[in-house]
Structure formats: C-alpha cells, structure tokens
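Here's the structure we're looking at; comments come further down.
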Amino acid sequence: MLTAPLSIDVRRGAIAALGDLLADRRIATEGRVAVAVGPGQGDQIAEHVRPSLRDCEMFQVDGATVDAAVELGSKLRGGSYEAVVGIGGGRTIDATKYAATLAGIPMVSVATNLSHDGICSPVASLSHDKGKGSFGVAMPLAMIVDLDYVRAAPERLVRAGIGDVLSNFSAVDDWELAGRERGEPLDRMALTLARNAANALIFQPESIESDRFLTVLAEGLVLSGMAMSFAGSSRPSSGGDHEILHAIDQLYPGTANHGELAGIGAAFCYHLRVAFLGEDTGRLEEITGCLRRHGLPVTPGDVGLTEEQFIQAVLHAPGTRPGRYTVLEHLDLDESAVTKTVGDYVREHGQ
C-alpha cells in the first residue's frame with residue numbers, strides 16, 4: 001500500500017507545474033494521461049491546464065456518486081491511460097480516486113479547496129442509492145494544492161478543513177481508548193502524523209487570509225491522509241467525532257459540510273470526556289476557541305440543528321461505524337443521559 005505521495009506541492013500557481021510533474025516517468029512513462037474535472041470551475045480549470053498538458057483528454061465528473069465514479073473508471077480502462085489527474089474539490093477528487101482504483105492506474109490529486117482530508121487519503125466518500133458510504137481506494141500518487149484556486153473558493157469551504165484537521169485530536173484519543181479497553185492494535189506512526197497535523201494547526205496565530213496558514217492547513221490535510229494510509233483505515237482521523245458527523249448526514253442530509261460537522265463532533269466528544277471520564281486537559285477549550293477564532297460552528301444551533309435533532313444524531317452515531325470503539329461506545333449513554341449532556345454542552349458553549 002502506498003503510504004506517502006511521491007510529490008507534494010503547495011503554492012500559488014502550482015497547477016502551471018502540472019506538466020512538469022507528469023513528466024516524471026514514475027507517474028506516466030509514455031504521457032497517456034486523463035484529466036477529470038468537476039462541474040462549476042471545471043471548464044476554467046481545463047483551459048488553464050491544457051497548455052501544459054496538450055495531449056491529455058478531459059472528462060467531467062458529475063458529482064461524488066458511485067455511479068459517476070464507476071462510469072469514469074470504465075472510460076479510463078477503455079482509454080488505456082497511464083494515470084488520471086483529478087482537479088477540483090473533495091467530491092471530484094473522491095470520485096476520481098475511486099475511478100482510478102477501479103481502472104488500476106495511479107491518480108494525481110489537484111485540490112482547489114481545502115474543505116476536508118479527502119484530498120489526499122485512501123478513502124473516498126461517495127453517495128449511492130442507500131445514502132453515502134466510505135470506500136477504500138488507492139492513495140493519490142502525487143498532490144498539488146494551488147493557493148490561487150483555494151483563495152477563489154468560498155471561504156466557508158476553506159475554513160471547513162480546519163474542523164476536519166482538529167477532529168484528529170478526538171480520533172487519536174478514541175483510538176488510544178480502544179487500545180486500552182479492547183486491546184486494539186495501534187500504529188504509532190499513524191497516531192503521530194494525525195496528532196502533529198492537528199497540533200501544527202491549532203496554535204497557528206494567522207488565518208485563511210495568510211498563505212502561510214493555508215500552507216499549514218494543506219499540509220495538515222495531507223498528513224491526515226498519510227496517517228490513514230499507514231493505519232490501513234480511517235482510524236487516526238475518524239472517531240466519535242465522525243460517527244456524529246455521519247449520523248447527521250444520514251438523518252439530516254445537507255445540514256452542513258464535512259469539516260464543519262467534524263469540528264462540532266470533536267468538541268462534543270471532548271465535552272463527554274470532561275463530563276464522564278474526568279479528563280480536563282484543556283483540549284475542549286482549545287478546540288472550541290480555535291473553531292470560534294476561524295468562524296466555524298461550535299454548537300448544533302450554529303448549523304441549524306435543534307437540540308433534539310442533535311440528541312438523535314448522537315444516539316444514532318455508533319451505528320454508523322459498526323465495530324469501531326470510541327468514547328460514544330465506551331460510555332454507552334441512554335437517551336436521558338444524552339439529552340442532559342447535549343443541553344449542558346449547548347448552555348456552556350452557545351453564544
């Protein structure tokens with residue numbers, strides 16, 4: 001399994017270097033490359049990359065669905081391509097990762113926003129007839145983040161990636177909890193990468209207006225993806241925080257984006273740790289403070305959920321990841337206890 005990209009490039013004008021990257025014979029020996037773009041910015045991006053990729057063929061990916069990914073995978077197999085470049089946001093990249101895996105060819109990820117760690121991970125989140133699922137895929141062989149495109153993306157999408165990286169803290173603590181309570185094997189390299197990604201971000205004094213901050217955020221998302229690849233699962237970046245996220249997606253689809261919900265989930269899981277396990281490391285205040293500093297939601301009401309809806313999501317959350325042991329499974333709270341705890345969290349952290 002690939003555990004690290006051959007190349008990571010984070011800077012302004014990075015897409016212009018795409019041709020040079022693909023000249024690396026470790027990626028495509030004869031230059032037969034396909035490029036997948038999403039709707040919206042797709043046409044603009046395609047025109048931007050054509051000068052450096054004259055012989056490539058462009059494909060449009062219409063959404064992060066299993067059907068769209070399978071269709072693209074079929075086209076990639078039929079065209080005998082050596083590699084595919086996925087250019088866009090998380091949805092386009094997830095669909096392209098899945099398609100590349102089906103076609104058995106390497107994939108280069110070119111991110112135009114920083115909304116979540118899917119831009120460089122061995123997991124694709126795709127919708128299907130029965131909802132949304134996470135699928136294991138080959139990790140991108142190379143990674144490019146063009147800060148010019150990131151700055152052109154809606155600010156809300158850029159800020160959302162902060163919540164996803166911060167949720168690593170919760171996921172790492174949950175994995176270590178599973179190790180103590182259930183004897184679950186731990187991968188210390190994966191734990192270190194995931195924790196360091198979050199540590200590098202949480203104490204950054206700047207915000208998304210700064211190229212330096214965006215670079216740290218991009219690197220944090222890439223490190224999260226690498227941590228998952230080392231672990232062979234999403235364990236180091238997905239704990240009780242993501243169980244709550246997936247429950248909200250299932251029960252109340254369209255509520256908010258991935259990173260925003262990951263941040264709320266992480267903060268609530270630390271509230272549980274303080275209230276029931278007696279942990280008081282200051283992590284809860286650090287996370288809620290960082291979320292507020294960057295204009296991210298902290299409580300259910302911030303994303304339009306009622307307390308009752310959030311209660312139902314917390315109760316439903318363990319069922320989204322059968323077999324995964326987190327603080328939610330450890331506490332196994334009944335509806336009465338969850339109701340009280342959610343109420344306390346909203347009162348303590350609402351504005």
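Salt-bridge check for Lys75 with Glu57: failed, with every basic side-chain N at 4.0 Å or more from each acidic carboxylate O. Taking the charged nitrogens against the carboxylate oxygens, Glu176 and Arg195 do have a contact shorter than 4.0 Å, which makes a salt bridge. A salt bridge does not link Lys340 to Asp334: none of the charged nitrogens lies less than 4.0 Å from a carboxylate oxygen. A salt bridge links Arg151 with Asp211: the closest approach of a Lys/Arg side-chain nitrogen to an acidic carboxylate oxygen falls below 4.0 angstrom.
Contact annotation: the side chain of Ile208 approaches that of Glu155 to within less than 4.5 Å [non-hydrogen atoms, C-beta and beyond]. Side-chain contact check for Ser167 versus Asp164: some heavy-atom pair is nearer than 4.5 Å. In this structure the side chain of Ile244 reaches within 4.5 angstrom of the side chain of Leu328, judged on heavy atoms. For the pair Leu277 and His330, the minimum side-chain heavy-atom distance is below 4.5 Å. For the pair Lys132/His246, no side-chain contact is recorded, criterion being any heavy-atom separation below 4.5 Å from C-beta on. Within the 4.5 Å cutoff, the side chain of Thr341 has heavy atoms near those of the Phe276 side chain. You'll find the side chain of Ile119 reaches within 4.5 Å of the side chain of Leu114, heavy atoms only. The shortest distance between side-chain heavy atoms of Asn199 and Phe203 falls below 4.5 Å.
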CA sep, side-chain torsions, deciding dist, call: Thr215, Glu219, side chain to side chain contact (heavy atoms under 4.5 Å, CB included)
CA-CA 6 Å; Thr215 300; Glu219 291 170 347; 3.6 Å; yes

From CA spacing to verdict: side chain to side chain contact (heavy atoms under 4.5 Å, CB included), Val85, Val110:
CA-CA 7 Å; Val85 181; Val110 181; 3.6 Å; yes

Verdict with supporting geometry, Arg347 and Asp344, salt bridge (charged side-chain N to carboxylate O under 4.0 Å, His left out)
CA-CA 5 Å; Arg347 283 190 293 275; Asp344 291 343; 2.5 Å; yes

For Thr326 and Glu243: C-alpha separation, side-chain torsions, deciding distance, then whether side chain to side chain donor-acceptor pair (under 3.5 Å) applies.
CA-CA 9 Å; Thr326 76; Glu243 289 183 330; 3.1 Å; yes

Carefully, step by step, assess Asp241 and Phe169 under the rule side chain to side chain contact (heavy atoms under 4.5 Å, CB included).
CA-CA 10 Å; Asp241 43 274; Phe169 285 127; over 6 Å; no

In sequence, state the C-alpha distance, the side-chain angles, and the governing distance for Asp173 and Ser170, and then conclude on side chain to side chain donor-acceptor pair (under 3.5 Å).
CA-CA 5 Å; Asp173 283 350; Ser170 173; over 6 Å; no

Evaluate side chain to side chain contact (heavy atoms under 4.5 Å, CB included) for Val342 paired with Glu308, printing each intermediate quantity in order.
CA-CA 9 Å; Val342 169; Glu308 178 57 32; over 6 Å; no

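For the side-chain contact (heavy atoms from CB on, under 4.5 Å) test with Phe59, the passing option among Thr96, Val84, Val37, Leu72 is Leu72; the others fail.
Residues Val150 and Val158 share a closest heavy-atom pair of O-CG2, 3.6 Å. Residues Gly63 and Ala68 come closest through the heavy atom pair O-CB, 3.6 Å. Minimum heavy-atom separation, Leu272 to Leu333: CD2-CD1, 3.9 Å. Across every non-hydrogen atom of His128 and Gly133, the tightest pair is NE2-N, 3.6 Å. In terms of heavy atoms, Ala194 sits closest to Ala227 at N-CB, 3.9 Å. Taking all atoms of both residues into account, the shortest heavy-atom contact from Leu126 to Ala69 is CD1-CB, 4.2 Å.
Aromatic ring centroids of Phe213 and His294 lie under 6.0 Å apart.
Side-chain N/O atoms of Asp249 and His242 include no donor and acceptor closer than 3.5 Å. For the residue pair Glu71/Ser74, the side-chain donor-acceptor check at 3.5 Å is not satisfied.
Summarising the geometry, atom CD1 belonging to Ile248 is positioned 5.0 Å from atom CG belonging to Leu261; distances are rounded to the nearest 0.5 Å. Cys290 SG to Gln204 CD: the interatomic distance, rounded to the nearest 0.5 Å, is 10.0 Å. Separating the CZ atom in Arg159 from the CG atom in Leu217 is a distance of 11.0 Å, to the nearest 0.5 Å. Within the model, atoms CZ of Arg180 and CG of Leu186 stand 9.5 Å from one another, a figure rounded to the nearest 0.5 Å. Rounding to the nearest 0.5 Å places CG of Asn113 at 12.5 Å from CZ of Arg156. How far CG of Leu221 is from CG of Asn168: 9.0 Å, rounded to the nearest 0.5 Å.
For the pair Arg91 (side chain) and Gly38 (backbone), a donor-acceptor distance under 3.5 Å is absent. Using modelled atom types, one side-chain atom of Thr288 and one backbone atom of Glu285 make a donor-acceptor pair closer than 3.5 Å. Side-chain atoms of Ser121 never come within 3.5 Å of backbone atoms of Gly225 as a donor-acceptor pair (strictly under, hydrogens ignored). Side-chain atoms of Ser115 never come within 3.5 Å of backbone atoms of Ala160 as a donor-acceptor pair (strictly under, hydrogens ignored). Between the Asp174 side chain and the Val327 main chain, a donor and an acceptor come within less than 3.5 Å of each other. Listed for the Asp148 side chain is no donor-acceptor partner under 3.5 Å among the backbone atoms of Arg12. No side-chain donor-acceptor contact under 3.5 Å links Tyr252 to the backbone of Leu305. A distance-only check finds no donor-acceptor pair linking the side chain of Asp9 to the backbone of Ala14 [under 3.5 Å]. Here the side chain of Lys97 pairs no donor or acceptor atom with the backbone of Gly86 at under 3.5 angstrom. Remark: the backbone N or O of Ser234 is not paired with any side-chain donor or acceptor of Ser237 at under 3.5 angstrom.
Ring planes of Tyr345 and His349: tilted class, angle from 30 to 60°.
Sequence neighbours left out, the pairs with a member in residues 296-321 that pass ring pair (Phe, Tyr, Trp, His ring centres under 6.0 Å) are Phe268-Phe310.
Taken together through direct or relayed side-chain contacts under 4.5 Å among Ile, Leu, Val, Met, Phe, Trp and Tyr, Ile264 and Val172 form parts of separate hydrophobic clusters. In the hydrophobic clustering of ILVMFWY residues, with side-chain heavy atoms under 4.5 Å counting as a link, Ile8 and Leu201 come out together. Both Leu214 and Ile162 sit in one connected hydrophobic cluster of ILVMFWY residues. Membership requires side-chain heavy atoms under 4.5 Å apart, directly or through other members. Following chains of ILVMFWY side-chain contacts shorter than 4.5 Å, one cannot reach Val137 starting from Met228, and the two form parts of different hydrophobic clusters. Hydrophobic clustering of Ile, Leu, Val, Met, Phe, Trp and Tyr side chains at less than 4.5 Å, counting indirect connections, keeps Ile287 apart from Leu191.
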